Protein chains: 2
Amino acid sequence: MAAEDSRMAPGRAAPAAGPGLRADARHNRNRILEVAAELLAERGIDVPMAAIARNAGVGVATLYRRFPTRQDLLREVFADGFAACEAAIDDALADSGPDPWDAFRTAVEQVCAVQAGDRGFNAAFVAAYFQEFGVGGELDRVMRGLAELTRRAKDAGRLRADFAPEDFTLLVMANSGISARSPEAARAASRRLVAYLLDAFRADRTAPSEPLPPPAPLDLYDALRLR
Amino acid sequence: MAAEDSRMAPGRAAPAAGPGLRADARHNRNRILEVAAELLAERGIDVPMAAIARNAGVGVATLYRRFPTRQDLLREVFADGFAACEAAIDDALADSGPDPWDAFRTAVEQVCAVQAGDRGFNAAFVAAYFQEFGVGGELDRVMRGLAELTRRAKDAGRLRADFAPEDFTLLVMANSGISARSPEAARAASRRLVAYLLDAFRADRTAPSEPLPPPAPLDLYDALRLR
DNA sequence: GGATAAGTGGAGACCCCCGTCCGGTTGCAC
DNA sequence: GTGCAACCGGACGGGGGTCTCCACTTATCC
């Protein structure tokens with residue numbers, strides 16, 4: 001169920017690419033992608049195909065005609081997120097500022113922000129990590145980029161020496177655990193978590209650290225009426 | 001679906017408590033709990049009732065006779081985990097050593113270790129946080145204990161001043177994101193994550209920090225063949 | 001404006017899961 | 001050993017998910 005994902009030849013099972021469609025069909029396709037992105041971001045990766053179809057104002061059959069399998073739809077919807085991550089990495093790699101730590105920090109912050117803002121993409125991102133999603137390539141580039149940024153930051157003595165490549169995995173997974181009722185709360189919580197971790201990753205612990213982003217109410221602490 | 005969970009009177013829907021059962025029934029009940037704990041820990045909270053029954057060598061009906069609803073089974077299976085968390089907190093609260101930071105750190109480490117070692121309990125723990133699980137009481141005590149430990153550590157100037165109560169939520173959720181193919185890998189990864197975060201929570205950043213637990217191979221980094 | 005291929009949506013086949021029903025089985029007291 | 005209440009497990013109803021089939025509609029080309 002995860003092996004033969006590499007048949008990319010547009011021969012037969014091609015998901016009916018963008019143009020070449022009739023005007024109404026193209027409109028429906030766009031609407032589906034739009035609605036799917038929204039629902040997946042808010043409700044997570046388990047939102048049913050029927051719900052997407054209903055919200056897009058089309059029948060299930062139309063949905064499946066454009067995207068033969070659920071996986072195809074997800075891949076297309078989440079492509080933007082993966083692209084955003086790649087862009088963040090590329091920017092950081094191109095950053096030729098005096099301090100490699102800045103590039104490292106910014107890249108980590110941006111990737112984690114993309115991940116935290118979208119429940120569905122979050123799941124896809126982690127699944128891709130575990131090779132359970134047909135996107136390997138993009139993630140590979142992201143990870144290689146992070147590895148290079150790591151090297152630079154370490155060489156400059158700004159990243160602690162015992163930082164391991166596996167720690168990116170740790171970061172991604174920890175960040176994936178953040179979710180809240182509202183995407184805004186999740187994003188805020190993720191920002192604070194990432195700030196804490198970046199603070200722990202720094203080599204020069206004596207230097208004052210930047211102020212933390214404020215804690216987001218996680219919709220639950222109040223409920224626990226603890227304070 | 002979450003309101004009337006307080007009917008605890010053993011009048012009618014009582015889940016047929018321990019003794020008083022026929023010998024074979026009691027044996028089956030224990031076997032079910034044993035198998036359920038194991039499967040839930042390894043495969044996560046979504047393991048089907050039928051799988052538990054099959055592995056326990058009983059029919060589904062027997063399972064449902066002992067535990068009228070899935071929730072009842074989960075509650076009983078995870079009771080141990082919640083108890084372990086409470087015990088860790090109580091120990092830490094009773095610790096009258098010279099440095100409140102030790103108690104704080106140990107409590108956090110132990111609770112996170114319990115959480116990380118069991119995929120099912122992990123989910124239950126987070127769900128309990130969100131009040132989506134009928135166990136509120138235990139968690140409440142845990143959180144109140146952590147709040148007290150926080151106060152002591154802050155008063156002693158060992159915990160950074162901008163540490164917020166919400167940061168426990170952050171910690172729990174971040175830790176919940178850690179999962180790997182094997183429970184051992186997950187536990188190791190969690191240890192390292194918690195060490196990083198505790199390092200970030202400390203007030204005195206100039207003091208040398210303890211060495212990090214070694215990174216666990218997360219069964220995926222190799223696959224990404226990055227190094 | 002009419003022919004036609006492309007497009008459409010609802011019904012339903014198939015599968016998996018939770019929880020129940022009921023006829024057969026078995027531990028246990030006597 | 002025997003009787004019976006307790007116990008057992010497979011079959012089944014209900015619900016929800018993915019994906020397919022097919023009779024009907026509509027954009028588009030001339």
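Values in this document were obtained by computation on a predicted structure and should not be read as measured data. Below, read A as the first sequence line, B as the second, and so on, with proteins coming before strands; counting in each chain starts at 1.
- Listed by chain and residue number, Asp167(B) satisfy the salt bridge (charged side-chain N to carboxylate O under 4.0 Å, His left out) test with Arg192(A) (two or more places apart in sequence, or in another chain).
- Remark: Glu76(A) engages Arg29(A) in a salt bridge, criterion side-chain N to carboxylate O under 4.0 Å.
- Applying a 4.0 Å cut-off to non-hydrogen atoms, none of the residues of residues 30-42 of chain A approaches DNA chain C.
- When the side chain to side chain donor-acceptor pair (under 3.5 Å) test is applied to Arg151(A), the partners found at least two apart in sequence or on another chain are Glu148(A), Asp155(A).
- Annotation: side chain to side chain contact (heavy atoms under 4.5 Å, CB included) contacts of Ala53(A) (sequence neighbours excluded): Val58(A), Leu63(A).
- Asp80(A) pairs by the salt bridge (charged side-chain N to carboxylate O under 4.0 Å, His left out) definition with nothing, not counting sequence neighbours.
- With a cutoff of under 4.0 Å to any heavy atom of chain A, the contacted region of DNA chain D is bounded 5' to 3' by dG17(D) to dT28(D).
- Residues forming a ring pair (Phe, Tyr, Trp, His ring centres under 6.0 Å) with Tyr64(A) (at least two apart in sequence, or on another chain): none.
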**Study point:** Contact letters for nucleotides 5-18 of chain C, in which S counts primed atoms plus P, OP1 and OP2 and B counts the base, heavy atoms under 4.0 Å
**Key:** -BSBBB------SS
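- The salt bridge (charged side-chain N to carboxylate O under 4.0 Å, His left out) search around Glu34(A) returns Arg31(A), not counting sequence neighbours.
- For Asp24(A), the side chain to side chain donor-acceptor pair (under 3.5 Å) criterion is met by Arg22(A), not counting sequence neighbours.
- The side chain to side chain donor-acceptor pair (under 3.5 Å) check on Asn55(A) picks up nothing, with sequence neighbours excluded.
- Every residue two or more places apart in sequence or in another chain that forms a side chain to side chain donor-acceptor pair (under 3.5 Å) with Asn122(B) is listed here: Gln115(B).
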